[in-house]
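These numbers come from the heavy atoms of this one structure, side chains and all, not from hydrogens, waters or symmetry mates. What you see is a predicted model; the values in this text were computed from it and never measured.
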Amino acid sequence: MNFLRGVMGGQSAGPQHTEAETIQKLCDRVASSTLLDDRRNAVRALKSLSKKYRLEVGIQAMEHLIHVLQTDRSDSEIIGYALDTLFNIISNDEEEEVEENSTRQSEDLGSQFTEIFIKQQENVTLLLSLLEDFDFHVRWPGVKLLTSLLKQLGPQVQQIILVSPMGVSRLMDLLADSREVIRNDGVLLLQALTRSNGAIQKIVAFENAFERLLDIITEEGNSDGGIVVEDCLILLQNLLKNNNSNQNFFKEGSYIQRMKPWFEVGDENSGWSAQKVTNLHLMLQLVRVLVSPTNPPGATSSCQKAMFQCGLLQQLCTILMATGVPADILTETINTVSEVIRGCQVNQDYFASVNAPSNPPRPAIVVLLMSMVNERQPFVLRCAVLYCFQCFLYKNQKGQGEIVSTLLPSTIDATGNSVSAGQLLCGGLFSTDSLSNWCAAVALAHALQENATQKEQLLRVQLATSIGNPPVSLLQQCTNILSQGSKIQTRVGLLMLLCTWLSNCPIAVTHFLHNSANVPFLTGQIAENLGEEEQLVQGLCALLLGISIYFNDNSLESYMKEKLKQIIEKRIGKENFIEKLGFISKHELYSRASQKPQPNFPSPEYMIFDHEFTKLVKELEGVITKAIYKSSEEDKKEEEEKKTLEQHDNIVTHYKNVIREQDLQLEELKQQISTLKCQNEQLQTAVTQQVSQIQQHKDQYNLLKVQLGKDNQHQGSYNDGVQMNGVQPEEIGRFREEIEQLKSNQELLRNQLAEKDSLIEKLKSSQTSPDTNEATASARDSEQIAELKQELATLKSQLNSQSMEITKLQTEKQELLQKTEAFVQSVPVPGESETVIAAKTTDVEGRLSALLQETKELKNEIKALSEERTAIKEQLDSSNSTIVILQNEKNQLEVNITDSKKEQDDLLVLLADQDQKILSLKNKLKELGHPDEEEDELESIDQDDEDDEDKDDDKSQGDN
C-alpha cells in the first residue's frame, strides 16, 4: 500500500483535490450507508471514476468493493458495478496507453493491485462462487476480472484456484453458457488458466473440455469460423502441448477423427480470408503437437496410425497438392505432413504413393524436390520440403533404397521424359546456388543414414561431366568440387555428405582413399592457418580424415591406418588435428541444430548444420580422438579384438539362427503333437463306444441263451414244481384275477380323468369367449354413444347461432318499423316510398318465417336424437346386466374347475396305489417262477399305457 501511495504521489498529472475528496466521500457512503440504493449509486459513481482515477479508486475503494461482494450478493446490480470497478483497477487497458513509461507504470499498478487482491485467498474463492450466478450482470464482469487476475499474476492465481474446492469445475461451466459473449470470454479465461500448468490442464481435459471445444469449433464453421475458433484452438494447444497424459486421453477419446473436417478446404483460389489462414495455421500446429518428435515414441506412433486410419493424412496430402493455397499454409502443411509420416512405415508408404494432379502424374516427392532445388522459391518453403524429405527417409530403408535406385544406371529413364528424385538431387548438388547444394547434399545424406547397403550402392553411380570425357563416380565428383574452392555453405554440405557416406562403410573409405589426391587435399586444408570462417571447414576435413582412419580396413597399402596417422603427425600434428576437430562442436550453430530435427533457420546463411549430422559428430568425435593417439601395437590388438569379436558375433549369430530354426521345429512338433492328441482322443472315444456295443451284444446273447434253456426244461420240470415254496396253484389263479381287476379299475380311472380334462378345457374356452364378447360389445356401445354426443353438441351449437341470428333480425325489424313510423309522421312520403318500405318489411318477414321453420326442424332432430340416446342407454344397461350374469357364471366355473382339479389329484393318488399293488404282485409271481411270457405281456401292456399317457399329456400341452 505504501508503494502505491508513493507511486500516486510521484504522478505529475494526478487527480485534483476535489476528485480525491469525491472518491473518499463515495467510499464512506459505500461503507456506512444503510440503504442499498445509496450504496449502489456510490459504487456506480466509483465505477465511472475508476478508469480515469485508477490509482485513487484502487487505493481507497478496493477493500470496500470486496466487502460489497461479500455482503450484498442478493443484489446483482451492485455486484456487477463492484466487479466492473475492480476490473478497471486491475486490468491494463493497452489501447489508452501511449508512452512506454506510462505503459510500464500501468503494468506495475495492475500487478500491485492484483497482489493486494489475492493476498487474501478468500477473495479469489469468493469470485469463483460469484461465477456460479447465472445473472449476466454478475457473471460476465466476474469472468473478465478473473481473466485479468490471471494475466497479471498467473502462477499465483492458478495455485489458489487449484486448491479451491471445485474451482476448475466451476469455470468449465462457462463453456456451456448459452450466451456467446460469456462463453467466448470463458474460453479466454481458460486460456490464461491452463498456461504452463500441467495439473490444471489435466483437470480441464478430464472435465470434458475436448468435447465442448470441438463442438464449438464445429458450430462456428471449422476453419471458416471467426476469432472464437482461433481462441478454442489456442486453448486446445495449451491442453495438449508437452502433456503426454492429455495427448493420450485425446487419442483414446477418438477426437483425432473429429479433426479431419477441419482440413476440407478444397483447392479454390478464393475464400482465403486472414482469419481462415490463422485458423488453419493453428489447426495444423495442433496436429503437429500430437506427433511432435519430442513426444514419447509410443504416443507419437499411435497418433500417426490413428491419423492415417481416419483419413487425416490423406486430407493433408490433398491440401499439399492443391492449387491456390497460400504460401504460409502450404509451408505449414508440408511441415505437418513431415511429422505425421516421420518414422511410421505405413504413412511413409502412403506418402510415396501420392501423385500430384499433373499430366502426366508425378510423385509428390518429385514435385516437392523441384521446389527445394529451385532458388526462386521462398526460403521457408525450401526448408519445409527438406524436412519433409528427411522425415520420409527417417527409419525407412525401403524409401532410401527407392531414392538411391533412381540414381543407378539401370533405372535411369533413357528418354529423359520424366525427372526422377535422384536426378533432381544431383542437379541441386552441382548447381550454382549454394543453398541448393547444401539442401541436396543433406537430403542425399539422409538417403544413406544407417544403411550400409545403400552406401555401397551409391558407389556405382557414374556422372557424365562433359562430352568426350569419361564418366566419373559421384564420390569423385564431390571431392572435385571440394578442391575447386566453392562457397563455404556448398563445401560444408558436401563434407557432411562424405562423412555420412564413409562412416561405418569400409568399402566407401577404400574408394575414397583410392583417389591419391584426396588425402593431400584434406591434410592441406587442416594444416593451413585460415580465418574464422574457414575453421568449420577445417574441422569437417579433420572429421572426414578421422573417419578414413577409424573405418579403414587396411586394404590399401599406401593408406593403411598407421601410415595415415604418420601423415597426420608429420604434416599437422596430433594436438593440432584434435583441436581442429573440436571446431565443429564448438561452433555457435552446432548446438542450435542439435536441439530439434526440423531445419528451422532465420535466414539462408544460418543453414550450416543438419540435426542428424550433429548426432554423428557426437558419436565419432571421441572414438576418432582415441584412434589418433593409439599406437600400432594397440591398433593390432584392437584389430585382433575386432576380429575376435566378429568371430564371436558370427558364432553367436550362427547359434541364434540354429536356435531360431530349432524353435520353429519345436513349434511344428508341438502342433503335430496336439493334432495327434486330438486324433488319439477321437479314436479312444470310438473304441469305448465299440466296447460298450460288444458288451451289449454279449448280454443279449446270454439272455437269449438262458431263455432257450428255460424253454427246453419247462415241460420236464413243470410237474415237479407244482407245489413250490408252499404256494398252491389256486393262489396263483387268484393273483391273476386280482391283476385283471386292478387293470380294469385303472382303465376306468383313466377314462374318468380324460373326461375331467375335457370338461376343464371347455370351461376355460367358455370363460374366455364371454369376456371377449363383453369387451367388444361395451367398446362398440361406447363408440356409438361418443358419436351421438358429438352430433348432439354440433346441433346445439347450430341452434344457438340461429337463435342469435333470429334475435338480431327481430331487433332490426323493430328499428325499421320505428324509423318508418317516425318518417311518415314527420314528412309526407310519396306512394313510391311506401311501396319500397312495404317490400323491405315483406322481405324481413319472409326471412323470419324461414328461420323459424328451420328452428322447428332442428328441434325435431334434437328430440329424435334424445330418444335414440335414451334407447342406447337402455341397451347399455341391459349389456351391463348381461356382464354381471356372465361374471357370476365365470365364478361358478372357476369353483367347478377347482373341484375337478381336486378330484383329479385324488384319482392320481389312487392310480399310484394301484401301480404299487401291481408291482408287489409281479414280485410275488417272479418268486413263484411264473412263465416269462406273461411277465413280458404285462410289461408290454404297461409300456403301452405309459405311451398312451405321454400322448395324452402332449395333446393337452398342445391344446394349452
Side-chain angles (χ1 to χ4, degrees), residues 222-224 259-273 276-277 279-281 283-284 287-288 304 307-342 344-378 380-393 396 398-399 402-403 405-406 411-413 415-425 427-428 436 439-440 443:
N222 294 328
S223 60
D224 293 319
M259 298 169 71
K260 182 188 174 186
W262 295 355
F263 304 102
E264 294 174 357
V265 296
D267 56 352
E268 297 83 2
N269 293 321
S270 60
W272 288 94
S273 63
K276 182 174 182 178
V277 170
N279 291 345
L280 202 57
H281 201 273
M283 290 171 177
L284 291 167
V287 175
R288 293 184 65 185
Q304 288 173 332
M307 289 176 184
F308 174 74
Q309 291 168 358
C310 73
L312 179 58
L313 174 59
Q314 294 84 329
Q315 202 65 45
L316 292 173
C317 290
T318 303
I319 299 176
L320 195 66
M321 294 292 108
T323 57
V325 179
D328 52 348
I329 293 298
L330 182 60
T331 302
E332 190 63 25
T333 304
I334 294 171
N335 288 326
T336 306
V337 170
S338 305
E339 294 182 352
V340 173
I341 67 173
R342 187 177 188 269
C344 181
Q345 188 67 51
V346 177
N347 295 4
Q348 289 168 338
D349 292 343
Y350 170 76
F351 184 70
S353 66
V354 175
N355 288 323
S358 59
N359 191 15
R362 287 177 175 173
I365 297 173
V366 173
V367 176
L368 291 174
L369 287 177
M370 286 180 177
S371 301
M372 187 185 75
V373 298
N374 186 352
E375 55 186 304
R376 288 174 293 182
Q377 293 292 341
V380 290
L381 179 64
R382 298 173 75 179
C383 290
V385 173
L386 175 61
Y387 184 44
C388 185
F389 191 74
Q390 291 174 351
C391 292
F392 170 68
L393 296 177
N396 183 12
K398 179 182 176 183
E402 290 173 354
I403 296 298
S405 66
T406 59
T411 57
I412 296 175
D413 187 1
T415 60
N417 293 329
S418 62
V419 180
S420 66
Q423 290 171 326
L424 288 170
L425 290 175
S436 297
C439 291

Checking the side chain of [X] only, and the main-chain atoms of [Y] only, is there a donor and an acceptor separated by less than 3.5 Å?
X      : Y      : answer
Asn374 : Arg376 : yes
Arg342 : Cys391 : no
Gln423 : Ser420 : yes
Ser436 : Gly428 : no
Asn347 : Gln304 : yes

Could you check Thr336, Val367, Val325, Ile334 and say which one makes a side chain to side chain contact (heavy atoms under 4.5 Å, CB included) with Leu320?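 Per the side chain to side chain contact (heavy atoms under 4.5 Å, CB included) rule, the option paired with Leu320 is Ile334, out of Thr336, Val367, Val325, Ile334.
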Please name the residue in the list Leu316, Ile341, Asn396, Val346 that meets the side chain to side chain contact (heavy atoms under 4.5 Å, CB included) test with Phe351.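 Filter result, single survivor: Ile341.
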Which is it for Leu425 and Ile403 under the side-chain contact (heavy atoms from CB on, under 4.5 Å) test, yes or no, and what are the steps along the way? CA-CA 10 Å; Leu425 290 175; Ile403 296 298; 4.0 Å; yes
Looking at every non-hydrogen atom in both residues, tell me the closest pair between [X] and [Y] and how far apart they are.
X      : Y      : answer
Ala421 : Val366 : N-CG2, 4.1 Å
Thr406 : Gly422 : OG1-N, 3.0 Å
Ala384 : Ser338 : O-OG, 4.2 Å
Cys317 : Val354 : SG-CG2, 4.1 Å
Arg362 : Met370 : NH1-CE, 2.9 Å
Val277 : Pro326 : CG2-CG, 4.2 Å

Taking the side chain as every heavy atom from C-beta outward, state whether [X] and [Y] have any pair of such atoms under 4.5 Å apart.
X      : Y      : result
Gln345 : Lys398 : yes
Ser371 : Arg382 : no
Phe308 : Cys344 : no

Rounded distance [0.5 Å steps], [atom1] in [X] versus [atom2] in [Y]:
X      : Y      : atom1 : atom2 : result
Thr333 : Leu280 : OG1   : CG    : 6.0 Å
Asn222 : Glu264 : CG    : CD    : 8.0 Å
Cys310 : Gln315 : SG    : CD    : 10.0 Å
Leu381 : Thr331 : CG    : OG1   : 4.5 Å
Phe392 : Glu402 : CZ    : CD    : 6.0 Å
Lys260 : Leu313 : NZ    : CG    : 11.5 Å

Quick one, Leu312 with Trp262, criterion side-chain contact (heavy atoms from CB on, under 4.5 Å). Give me CA distance, side-chain angles, the key distance, then yes/no. CA-CA 9 Å; Leu312 179 58; Trp262 295 355; over 6 Å; no
Asn279 vs Lys276, test: side-chain contact (heavy atoms from CB on, under 4.5 Å). Steps then yes/no. CA-CA 5 Å; Asn279 291 345; Lys276 182 174 182 178; 5.5 Å; no
Which is it for Phe389 and Leu368 under the side-chain contact (heavy atoms from CB on, under 4.5 Å) test, yes or no, and what are the steps along the way? CA-CA 8 Å; Phe389 191 74; Leu368 291 174; over 6 Å; no
So, Glu339 versus Tyr387: side-chain donor-acceptor pair below 3.5 Å or not?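 Per modelled atom types, Glu339 and Tyr387 side chains form a pair under 3.5 Å.
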Would you call Glu332-Arg288 a salt bridge at under 4.0 Å N-O?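 Salt bridge: yes.
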